[in-house]
Amino acid sequence: MQADQKKMPLVAAMLKYKKEQVYPFHTPGHKGGRGMEALLAGELGAGALQMDVSLMAELDDLHCPEGCLAAAQNLAAQLYGSDRCFFAVNGTTQAIHAMLLTAVRPGGKVLVPRNAHRSVAGGLLLGDLQPVYILPQFDAAFGINTQVTAGQIEAALQKDPSIKAVLLTSPNYYGQAADIKAIAQIVHSYGAVLLVDEAHGPHLGFSDLLPPSALCCGADACAQSTHKILGAMTQCSMLQVRGQRLDLERAADVMSLLTTTSPNYLLMASLDAARFQLATGGRQMAEQAAAASDRLRQVLQAFAGLKLLDTDCIGSNGIAGFDRTKVTVNAAAWGHTGMEVADRLRQAGIAVELADADNVLFLVTYSDGGSGYDAILARIRQVFAELEAAKKTPRPLLVSPQLPVPQQVMSLRQAFDSPKTNMALRQAAGEICAEQVSFYPPGIPVLLPGELITEAVIAYCENMKNLSLPVSGPADSSLREIRVVL
């Protein structure tokens with residue numbers, strides 16, 4: 001570890017500015033907390049409000065960093081092994097958009113798993129890019145989509161060598177990592193670049209207890225949600241870029257284009273601090289998270305009938321690694337849905353990260369496992385004991401029906417810019433969709449803007465609605481109506 005990793009250049013600069021007690025005839029309007037509403041000010045604390053500063057010369061400029069911000073980003077790049085790191089204060093959505101716009105020029109093709117995060121569709125639209133979709137594998141035991149395989153990637157590139165970039169989501173929400181090393185070799189052999197939505201993996205690569213990071217496996221760029229797993233504040237992410245195949249100056253230009261001109265320094269300082277924590281104690285943090293996760297798993301494994309997603313998923317369905325700090329539990333054998341389990345936990349004061357038709361997901365980090373954790377585990381144990389006592393007829397898992405093959409007849413950009421109208425879903429056959437429609441699970445978009453609505457698509461949507469699965473994307477959440485291009 002380099003000695004500089006023990007420093008927090010941005011945090012240090014902000015504390016120095018605070019200590020100087022400069023009177024602010026500048027933004028923000030609350031002037032160091034003097035004008036903040038009293039209740040909120042009390043909750044936030046005087047120190048935080050005094051550090052809510054603006055674009056002062058001493059604190060550098062995110063759009064053209066040369067001082068403490070440049071130093072903070074450089075330390076993050078060194079730590080992760082990239083050539084440039086960019087702080088993304090508009091969330092991982094911004095980093096994903098920037099990654100796509102850096103890698104591919106307008107009109108270029110991008111190979112994308114159909115279950116990619118909705119921010120990917122936004123990046124494709126902004127860049128006027130052509131998506132080539134690929135279906136991920138499906139785990140029928142848990143009713144979840146997993147990963148795409150190296151074979152699928154190679155087949156797609158053989159079929160269409162004009163594809164300029166491949167985008168993966170790894171690890172996925174459930175902690176399952178793709179075989180990035182094999183995929184990177186294939187992608188590069190076809191002259192394309194590999195981009196990774198690593199939102200759920202900013203902690204990877206710092207311990208053998210967890211899968212390796214995307215950059216370690218050969219990715220050209222990755223977008224990381226530093227706030228999801230590490231110590232940064234909500235909305236704080238990083239974009240890591242390597243310059244062998246990507247233009248670093250273009251990446252800087254794109255990030256500047258997509259970044260607010262008034263970035264919040266508290267958010268950026270939390271990125272600097274999160275990097276510092278990882279650099280000075282990443283292995284210990286991983287061990288703490290793994291230990292806390294194992295204790296939760298032990299509680300859940302004591303119940304007959306519960307299924308837990310574990311390392312035995314590795315080697316199938318495109319999965320090359322598993323992050324054990326993601327604890328997915330399935331109570332279908334007791335007849336309970338994931339939403340029912342999550343609701344019972346919430347009534348007991350426990351909030352889970354995700355609930356779908358079949359599963360609940362506990363997100364465990366280095367922050368768990370300390371004082372009071374035994375009491376929390378006891379509360380979880382009690383909830384599941386009550387669920388077991390109230391078990392019903394075993395509920396069959398959803399086996400994902402075959403999705404209708406999408407037919408794109410208009411680009412995402414064209415569909416977004418076109419006039420739209422609402423019409424009944426059952427009468428929309430032959431129309432061009434103007435919004436995204438997904439069901440959870442499986443979480444794969446049935447329709448995206450610019451795609452043709454067919455009778456098969458309508459039948460699929462009606463089937464999903466009859467299963468009472470949550471729908472995401474359309475303006476009408478009941479999906480009785482759908483927006484179409486006029």
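Residue-environment remark: CD (Q347) exceeds the threshold of 12 foreign heavy atoms within 6.0 Å. K420 NZ: more than 12 foreign heavy atoms inside a 6.0 Å radius. Residue F303 qualifies as enclosed at atom CZ: its count of foreign heavy atoms under 6.0 Å is above 12. More than 12 heavy atoms of other shown residues, nucleotides or ligands fall within 6.0 angstrom of atom CZ in R379. Sparse packing is recorded around CD of Q284, with 12 or fewer heavy atoms of other residues, nucleotides or ligands lying under 6.0 Å away. Within a 6.0 Å sphere centred on CD of E20, heavy atoms belonging to other residues, nucleotides or ligands number more than 12.
Under the 3.5 Å distance criterion, with hydrogens and angles disregarded, no donor-acceptor pair is assigned to the side chains of T325 and S293. A donor-acceptor pair shorter than 3.5 Å can be found between the side chains of Q94 and T259. Side chains of T226 and S237: a donor-acceptor N/O pair is absent below 3.5 angstrom, by distance only. Between the side chains of D52 and H30, at least one donor N or O sits under 3.5 Å from an acceptor N or O. A donor and an acceptor atom, one from each side chain of N359 and N330, are located under 3.5 Å apart. A side-chain donor-acceptor contact under 3.5 Å links K326 and H200. For the residue pair Q298 and D294, no side-chain donor N or O sits within less than 3.5 Å of a side-chain acceptor on the partner. Remark: the Q240 side chain and the R84 side chain contain no N/O donor-acceptor pair separated by less than 3.5 Å. With hydrogens and angles left out, the side-chain atoms of E353 and Y173 include a donor and acceptor closer than 3.5 Å. A donor-acceptor contact closer than 3.5 angstrom links the side chains of D356 and Y174.
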Stepwise, does the side chain to side chain donor-acceptor pair (under 3.5 Å) test hold for T27 with S54?
CA-CA 6 Å; T27 60; S54 189; 2.9 Å; yes
Given the rule in the side chain to side chain contact (heavy atoms under 4.5 Å, CB included) test, do L296 and V364 qualify, once you have shown the distances and angles that lead to the verdict?
CA-CA 9 Å; L296 174 57; V364 182; 4.1 Å; yes
Would R250 and D253 count as a salt bridge (charged side-chain N to carboxylate O under 4.0 Å, His left out) here? Give the steps.
CA-CA 5 Å; R250 179 174 173 83; D253 291 343; over 6 Å; no
The test is side chain to side chain contact (heavy atoms under 4.5 Å, CB included); show your working for Q301 and L306 and say whether it passes.
CA-CA 7 Å; Q301 287 166 346; L306 290 183; over 6 Å; no
Run the side chain to side chain contact (heavy atoms under 4.5 Å, CB included) test on Y265 and L10 for me, step by step, so that the C-alpha distance in whole Å, both residues' side-chain angles and the decisive distance to 0.1 Å come before the verdict.
CA-CA 9 Å; Y265 274 82; L10 178 56; 4.0 Å; yes
Please walk me through it: do I350 and V383 pass side chain to side chain contact (heavy atoms under 4.5 Å, CB included)?
CA-CA 10 Å; I350 307 292; V383 169; 5.8 Å; no
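In this structure, Q277 and L230 have side chains that are not in contact, with every pair of non-hydrogen atoms separated by 4.5 Å or more. Within the 4.5 Å cutoff, the side chain of M268 has heavy atoms near those of the P263 side chain. Side-chain atoms of C236 and V89, non-hydrogen and from C-beta on, never get closer than 4.5 Å to each other. Residues D83 and L248 meet the side-chain proximity criterion, which asks for heavy atoms closer than 4.5 Å. In this structure the side chain of S170 reaches within 4.5 angstrom of the side chain of I180, judged on heavy atoms. For the pair V241 and D220, the minimum side-chain heavy-atom distance is 4.5 Å or more. By the 4.5 Å heavy-atom criterion applied to side chains, H63 and S256 are counted as neighbours. Put simply, the side chain of V327 does not reach to within 4.5 Å of the side chain of L309, judged on heavy atoms.
In this structure, K16 does not pair ionically with E58, as no charged nitrogen and carboxylate oxygen lie closer than 4.0 Å. For the pair D374 and R295, the salt-bridge criterion is met [side-chain N within less than 4.0 Å of a carboxylate O]. Classification of D343 and R346 as a salt-bridged pair fails, no side-chain N sitting under 4.0 Å from a carboxylate O.
To the nearest 0.5 Å, the span separating CG on L377 from CG on D368 amounts to 9.0 Å. Annotation: the span from L79 atom CG to F276 atom CZ amounts to 12.0 Å, rounded to 0.5 Å. Atom CZ of residue F322 and atom CG of residue N172 lie 9.0 Å apart, to the nearest 0.5 angstrom. Atom OG1 of T234 and atom CG of L267 lie 9.0 Å apart (nearest 0.5 Å). To the nearest 0.5 Å, atom CD of residue Q235 and atom OG1 of residue T93 are 10.0 Å apart. The CE atom of M255 lies 8.5 Å from the OG1 atom of T102; values are rounded to the nearest 0.5 Å.
Y373 places a side-chain N or O within donor-acceptor distance of the main-chain N or O of A292, the cut-off being under 3.5 Å. At distances below 3.5 Å, at least one donor-acceptor pair connects side-chain atoms of H336 with backbone N or O atoms of L387. A donor-acceptor contact shorter than 3.5 Å is absent between the side chain of R242 and the backbone of A221. In terms of modelled atom types and a separation under 3.5 Å, the side chain of S213 and the main chain of C216 share a donor-acceptor contact. No donor-acceptor pair under 3.5 Å is formed between the side chain of S225 and the backbone N or O of K228. No donor-acceptor pair under 3.5 Å is formed between the side chain of N317 and the backbone N or O of I319. A donor-acceptor pair under 3.5 Å is absent between the side-chain atoms of D476 and the main chain of I482, judged by distance alone. In terms of modelled atom types and a separation under 3.5 Å, the side chain of E43 and the main chain of L40 share no donor-acceptor contact. Not one N or O on the side chain of N115 forms a donor-acceptor pair closer than 3.5 Å with the backbone of P445. Using a distance-only test at 3.5 Å, with no hydrogens or angles considered, no donor-acceptor pair links the side chain of E435 to the main chain of L448.
The two residues A290 and L209 make their nearest non-hydrogen contact at CB-CD1, 4.1 Å. The two residues A199 and D197 come nearest to each other via the heavy atoms N-OD1, 3.1 Å. Considering all non-hydrogen atoms of both residues, L75 and Q5 come closest at O-NE2, 2.8 Å. Scanning all heavy atoms of the two residues, the minimum distance from A223 to A95 falls at CB-CB, 3.6 Å. In terms of heavy atoms, G123 sits closest to L101 at O-CD1, 3.6 Å. Closest non-hydrogen pair, P211 versus G321, comes out as CG-C, 4.0 Å.
Residues F206 and Y80 place their aromatic rings such that the two centres sit under 6.0 Å apart.
Residues that satisfy the side chain to side chain contact (heavy atoms under 4.5 Å, CB included) test with Q130, not counting sequence neighbours, are K109.
The cationic atom of K307 (NZ for Lys, CZ for Arg) lies less than 6.0 Å from the six-membered ring centre of F142 and within 45° of the ring axis.
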